[in-house]
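Just so we're on the same page: letters track the sequence lines, and every chain starts at 1.
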Number of protein chains: 2
Amino acid sequence: MRKACENPPKPTVERLPIYRRALEILLDEGCEYTSSCELAELAGVTASRLRKDLSFFGRFGTAGMGYPVRELLDAVNSILGTDRLRDVLLVGMGNLGRAIANHAPLRKCGFRIAAAVDVSPAKVGRVICGVRCYPPSETARLVREGGIEFALLTVPPGAAREAAERLAEAGIKAILNFTPVHLRLPRSVVVEEVDFGILLQKVAFAVTQGGGENA
Amino acid sequence: MRKACENPPKPTVERLPIYRRALEILLDEGCEYTSSCELAELAGVTASRLRKDLSFFGRFGTAGMGYPVRELLDAVNSILGTDRLRDVLLVGMGNLGRAIANHAPLRKCGFRIAAAVDVSPAKVGRVICGVRCYPPSETARLVREGGIEFALLTVPPGAAREAAERLAEAGIKAILNFTPVHLRLPRSVVVEEVDFGILLQKVAFAVTQGGGENA
DNA sequence: CACTCCTCGTTACTTTTTTCACAAGAATGA
DNA sequence: TCATTCTTGTGAAAAAAGTAACGAGGAGTG
Ligand SMILES: NC(=O)c1ccc[n+]([C@@H]2O[C@H](COP(=O)([O-])OP(=O)(O)OC[C@H]3O[C@@H](n4cnc5c(N)ncnc54)[C@H](O)[C@@H]3O)[C@@H](O)[C@H]2O)c1
Ligand SMILES: NC(=O)c1ccc[n+]([C@@H]2O[C@H](COP(=O)([O-])OP(=O)(O)OC[C@H]3O[C@@H](n4cnc5c(N)ncnc54)[C@H](O)[C@@H]3O)[C@@H](O)[C@H]2O)c1
């Protein structure tokens with residue numbers, strides 16, 4: 001049922017996790033079938049956009065009936081690569097790092113904090129928030145032996161570049177960068193920036209200029 | 001020097017905070033003038049895109065010379081509305097809320113956690129991470145008397161909708177929503193979703209499918 | 001002052017993304 | 001069986017965004 005996957009637009013891919021969340025809500029409610037209208041409403045997009053998004057990856061519905069929730073969810077998981085639990089390396093067990101380590105629902109998204117790395121001797125060797133801390137020198141070994149592909153970077157800004165380069169050398173595939181530092185890494189490493197300050201500025205513009213347009 | 005501001009594309013607005021960050025780096029280094037090339041390099045975009053983005057808001061450079069760093073930074077701040085410190089209400093002083101309250105650099109972005117709201121009797125009335133906690137019933141008063149326009153929503157998912165509605169009623173202008181719950185609020189409230197799980201899924205796709213295309 | 005060099009701002013063009021509308025397909029009920 | 005009623009998937013048109021190229025206009029130089 002999966003297409004050869006020509007080249008899905010980037011925005012389409014970014015919406016898949018949102019559809020996934022909506023599908024899980026429907027599944028929890030016991031719905032077996034849903035329509036593009038209902039699902040789109042839940043996801044906050046138009047029905048036609050939803051249908052087109054899905055159509056990039058295959059044909060999942062039956063005309064007149066809609067989409068089988070369970071099957072569609074499985075398909076989306078398969079597309080996103082969240083059909084199995086992925087191990088994640090937490091780099092920097094500080095305030096933000098601990099909050100994330102404590103954050104159970106991440107597992108529902110298909111991810112598990114497998115280990116943490118920190119420079120602080122007070123943390124190395126201990127298990128904090130259920131996650132064992134290792135020294136940065138162990139990074140490469142952890143990544144290799146654990147088959148870890150994803151990292152969350154939550155170190156102080158000054159240590160960000162160095163830590164990121166260590167991750168890249170260790171062979172990590174993707175980094176969620178919470179530091180306000182623009183990382184310059186080889187193209188082979190996917191970097192996603194998460195900067196609360198930037199997001200606040202974005203809404204600040206919407207509030208002051210836009211008057212009331214939604215994001 | 002500011003244009004009548006026709007209608008800047010959404011992506012343009014989203015890049016302004018990135019330019020802002022780059023300009024601050026240049027300012028720290030003591031640069032008085034910069035070029036579109038240099039600034040674009042720092043921001044990770046093309047020079048032509050940077051020039052076009054700025055052109056939506058006015059003319060800030062002089063041909064042959066480049067842009068005066070200080071002036072351009074002031075202009076960007078003025079556009080974003082970050083030319084003065086904005087007060088922010090923290091809703092939910094849990095793990096994530098405390099990490100954010102501790103996060104000093106937010107102030108450099110133009111925001112200050114002015115107060116917090118939490119249901120827990122153990123927290124109400126206390127000052128946690130330098131922020132005073134109030135009961136949710138005080139929300140409207142805090143917003144009104146403090147002139148607060150922005151809120152960070154970091155309550156458990158089950159409490160998200162109720163808390164968000166309370167904020168909307170209190171007259172908050174924008175909400176940064178850290179909960180994995182899709183809020184349905186009046187258009188007058190700007191909502192920006194911040195969901196680590198969704199971001200991880202996005203990079204998961206890039207890693208598994210894209211093979212190595214950058215975000 | 002004339003000449004050259006450099007960099008911005010803008011326009012024309014290309015690519016990407018969204019929207020719209022409709023034909024084809026499947027279930028339901030008479 | 002056949003018509004009716006949904007709802008999908010898709011192709012074409014429209015809108016949005018990104019790219020590249022160029023002309024205008026200062027700054028520096030001799
Ligand atoms: N706290 C927030 O809410 C928040 C919000 C947005 C961004 N950030 C960013 O996230 C990062 C972390 O914030 P925080 O509040 O958790 O800081 P923090 O100081 O509490 O934690 C940083 C941790 O990283 C460790 N560390 C330092 N150098 C390291 C290295 N080279 N390798 C591994 N570990 C190292 C430290 O020992 C410490 O445990 C900062 O860059 C901050 O700007 C934080
Ligand atoms: N911890 C993370 O890293 C992380 C990451 C992504 C998203 N989130 C989301 O952020 C939210 C908070 O996460 P957390 O780990 O800080 O949870 P938490 O349980 O540690 O904190 C929640 C806080 O909200 C308070 N609260 C509950 N109901 C409230 C109400 N109606 N009004 C005001 N305050 C109320 C609680 O007393 C508690 O202090 C959750 O929705 C979670 O899914 C957390």
Could you list, one pair per line, each protein nitrogen or oxygen that sits under 3.5 Å from a nitrogen or oxygen of nucleotides 17-21 of chain C, together with the distance?
residue: C:dT18; atom: OP1; partner: A:R15; partner atom: NH1; Å: 3.0
residue: C:dT18; atom: OP2; partner: A:R15; partner atom: NH2; Å: 3.0
residue: C:dT19; atom: O4; partner: A:K52; partner atom: NZ; Å: 3.3

Applying salt bridge (charged side-chain N to carboxylate O under 4.0 Å, His left out) to A:R70 and A:D74, what does each step give before you reach the verdict?
CA-CA 6 Å; A:R70 175 85 245 170; A:D74 287 347; 3.2 Å; yes
In whole Å, I'd like the distance from the [atom1] atom of [X] to the [atom2] atom of [N].
{"X": "B:E38", "N": "C:dC6", "atom1": "CD", "atom2": "C1'", "answer": "15 Å"}
{"X": "A:E14", "N": "C:dT16", "atom1": "CD", "atom2": "C1'", "answer": "13 Å"}
{"X": "B:L72", "N": "C:dT7", "atom1": "CG", "atom2": "P", "answer": "16 Å"}
{"X": "B:L50", "N": "D:dA17", "atom1": "CG", "atom2": "P", "answer": "17 Å"}
{"X": "B:F57", "N": "C:dT10", "atom1": "CZ", "atom2": "P", "answer": "13 Å"}
{"X": "B:M65", "N": "C:dT7", "atom1": "CE", "atom2": "C1'", "answer": "11 Å"}
{"X": "A:Y67", "N": "C:dA26", "atom1": "OH", "atom2": "C1'", "answer": "14 Å"}

Where at least one partner belongs to residues 70-119 of chain A, residue pairs that pass ring-ring contact (aromatic ring centres under 6.0 Å, His included), sequence neighbours excluded
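Passing the test, one end in residues 70-119 of chain A: A:F111-A:F150.
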When you compare the side chain of B:L26 with that of B:E38, does any pair of heavy atoms fall below 4.5 Å?
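Answer yes - side chains close enough.
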With side chains defined as the heavy atoms from C-beta onward, is the minimum distance between B:Y67 and B:L23 less than 4.5 Å?
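No - every pair of side-chain heavy atoms lies 4.5 Å or more apart.
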Are B:R20 and B:N77 close enough that a side-chain donor and a side-chain acceptor fall under 3.5 Å?
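Result is yes, a qualifying pair exists.
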How bent is the helix from C:dC1-D:dG30 to C:dA30-D:dT1, measuring the angle between the end axes built from five pairs each, rounded to 10°?
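Angle reported: 10°, given to the nearest ten degrees.
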Any donor-acceptor pair under 3.5 Å linking the side chain of B:R107 with the backbone of B:I113?
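The answer is no, because no donor-acceptor pair under 3.5 Å joins these two groups.
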Do side-chain atoms of A:D87 reach the backbone of A:A114 as a donor and acceptor pair under 3.5 angstrom?
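Checking the backbone N and O of A:A114 against the side chain of A:D87, no donor-acceptor pair under 3.5 Å is found.
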A:E162 and A:R166 ion-paired at < 4.0 Å
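A salt bridge is present here (some side-chain N lies under 4.0 Å from a carboxylate O).
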Below the 4.0 Å mark, does C:dT7 have OP1 or OP2 next to a side-chain nitrogen or oxygen of B:S35?
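Indeed not, no polar side-chain atom of B:S35 lies that close.
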Using 30° and 60° as the class boundaries, would you call the ring planes of A:F196 and B:F196 parallel, tilted or perpendicular?
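Parallel.
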